[in-house]
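What you see is a predicted model; the values in this text were computed from it and never measured.
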Amino acid sequence: MSSYPPSSPAQQTAPPTTLRQRLAGLRGPAVPPRPLDARALAALAANPGCGRRALLDGAGVDKTALASALGSPASFGQSQFAIVRGNSFEAKVKGDGGAELLRLVQGHLDPGAEPPGPGARVPDLAAAGPEGRAARTALALREATAAGREAGAWTLLDHPMLALEVAGSPAYLEPDAVVVHPDGRWTVVEIKSFPMIDGAADAAKVGAAARQAAVYVLALEKTAEKLAGAEVGHRVLLVCPKDFSNLPTASPVDIRRERSVTRRQLARLTRVEELAAALPEGLSFDPSRTAEELAEAVAAVDASYAPECLAACELAFHCRDRARAADEVTALGRSVRGELGALTTVEAALAAAAGQGPADDPTAAALHHAARLRAEALDLAAEVAPCPS
């Protein structure tokens, strides 16, 4: 039985709450919103069918605290040592007014341009709140584009703030750097602390960085739409330590595929207000509530679990336990789920393999045929196997 009380007559006649108030109620009255970042958006775009993550991220719920309160704490994330190392390397790359960083951008992405001199522009982007910083960044981009075209100046925007609407709610994103070329083109720069050995880095880490950079590019394109002639480069610059040293090296990464996939997936996300409107009154993900109340609240929002979630979502262990308890084939992976069609549980798939599936289901027939072939192969292998001495 649900633990959420029915609304009283006074509540029924009260003025409707705004979306902001509704989302604040979902977080808890004393819980500040957790801002979305590009890493979270890239993970969200990789699983657009998960309404649970879309709602929790859109409402600013701290999923790490929620997972701990549910008894399934997340076990991934950067160590303190990795964070300190990354910050130290980024400071080195941006030292001396960003001279080395601008040199890498010019050498890898704009070799025909005049090399950046010691007087490159590094505007101050400080402002009050994320909205103010986003507005200040947009103004700085406009000024840098004009300065580049008129005077051939290079501009480095250190930790700019970009805005992107996601599922009907604004997200504020902070890339490591954005460089404005003398021709007015804008380039996203990703600075990572993993090494680039002999000019190549770990493919999985480069892929994750590309997906993250694609989110920044999409946000920059929204800003560029308001400025005539502005262009966002489809190649980003990945800056990493060279070999086993702390010296920076770089490689351009074409993110056109990641950008198109991320744009399409983000467009498919259900709007946050639609997800919130379908929830019962009084539901809350406040970590101060009991584990039973939180489990009931989380279960009220549909999820789409896959093993890939373990590397990207703080609630993955909780969702995996629930998927296994419900015998869902999604726990075996998206590819398996896609191939099994209407067979949505492991029990149904095993029954089909035993010949007890729906007679008119081609997937069930294929499973039964595969099971017979496997049994015949095992019987044949047993017949030809040598006797143990």
Side-chain angles (χ1 to χ4, degrees), residues 38 90-125 133-164 173-192 196 199 206 209-240 242 248-260 262-263:
E90 181 176 338
K92 179 179 180 64
V93 171
K94 294 179 179 177
D96 194 20
E100 178 66 13
L101 178 56
L102 291 173
R103 185 190 68 80
L104 290 170
V105 173
Q106 188 266 339
H108 287 277
L109 295 177
D110 204 353
E114 188 72 20
R121 302 173 73 254
V122 185
D124 182 9
L125 302 179
R133 290 186 58 200
R136 180 67 188 91
T137 295
L139 177 60
L141 285 167
R142 181 184 298 273
E143 294 172 346
T145 302
R149 292 172 178 170
E150 294 171 5
W154 287 85
T155 301
L156 169 63
L157 274 65
D158 185 6
H159 283 287
M161 183 66 73
L162 309 174
L164 180 66
L173 313 170
E174 188 177 1
D176 293 327
V178 171
V179 172
V180 180
H181 299 239
D183 61 1
R185 184 158 37 99
W186 304 349
T187 291
V188 171
V189 178
E190 274 289 279
I191 302 174
K192 299 297 184 182
M196 194 175 292
V206 172
R211 290 189 293 273
Q212 186 174 337
V215 177
Y216 297 137
V217 169
L218 288 176
L220 267 182
E221 288 177 342
K222 292 297 182 182
T223 304
E225 291 174 359
K226 305 173 185 177
L227 181 59
E231 177 189 355
V232 183
H234 64 261
R235 292 195 299 169
V236 303
L237 193 69
L238 177 62
V239 181
C240 300
K242 182 179 181 180
T249 187
S251 176
V253 180
D254 192 318
I255 51 93
R256 279 178 291 187
R257 184 179 67 84
E258 288 81 3
R259 180 184 59 181
S260 62
T262 302
R263 180 192 290 117

### Closest heavy-atom pair and its distance - Arg142, Lys226
NH2-O, 3.8 Å
### Query
What is the minimum heavy-atom distance between Arg103 and Pro116, and which atoms define it?
N-CG, 4.1 Å
### Task
State whether the side chain of Thr187 and the backbone N or O of Val179 hold a donor-acceptor pair below 3.5 Å, judged by distance alone.
no
### Query
Do you know which two heavy atoms are closest between Leu125 and Pro160, and how far apart they sit?
CD1-CA, 3.6 Å
### Query
So which heavy atom on Gly98 is nearest to which on Leu156, and how close?
CA-CD2, 3.7 Å
### Worked check of side chain to side chain contact (heavy atoms under 4.5 Å, CB included) between Leu141 and Leu220
CA-CA 10 Å; Leu141 285 167; Leu220 267 182; 3.8 Å; yes
#### Entry: Student check: side-chain heavy atoms of Thr155 and Glu143 closer than 4.5 Å
no
### Task
Give the C-alpha distance, both sets of side-chain angles, the deciding distance and a yes or no for side chain to side chain contact (heavy atoms under 4.5 Å, CB included) between His234 and Asp254.
CA-CA 6 Å; His234 64 261; Asp254 192 318; 3.5 Å; yes
### Summary
Exactly one of Leu218, Val236, Thr262, Leu238 clears side-chain contact (heavy atoms from CB on, under 4.5 Å) with Ile255, and that residue is Val236
### Message
For Asp183 and Glu231: C-alpha separation, side-chain torsions, deciding distance, then whether side chain to side chain contact (heavy atoms under 4.5 Å, CB included) applies.
### Response
CA-CA 9 Å; Asp183 61 1; Glu231 177 189 355; 5.9 Å; no
### Task
Determine yes or no for a side-chain-to-main-chain donor-acceptor pair under 3.5 angstrom, with Lys94 supplying the side chain and Asp176 the backbone.
yes
### Task
Give a yes or no on whether the backbone of Ala214 and the side-chain of Arg263 come within a donor-acceptor separation of less than 3.5 Å.
no
#### Entry: Taking every non-hydrogen atom, the tightest pair across Glu174 and Tyr216
O-OH, 3.5 Å
### Query
With no hydrogens and no angle check, is any side-chain donor or acceptor of Gln106 less than 3.5 Å from a backbone partner on Ala113?
yes
### Single hit among Val178, Leu162, Val232 for side-chain contact (heavy atoms from CB on, under 4.5 Å) with Val217
Val232
### Message
Could you report the tightest heavy-atom contact between Val253 and Ala210, atom names first, then the distance?
### Response
CG1-CB, 4.1 Å
### Query
How would you list all residue pairs meeting salt bridge (charged side-chain N to carboxylate O under 4.0 Å, His left out) that involve residues 106-122, not counting sequence neighbours?
Asp110-Arg185
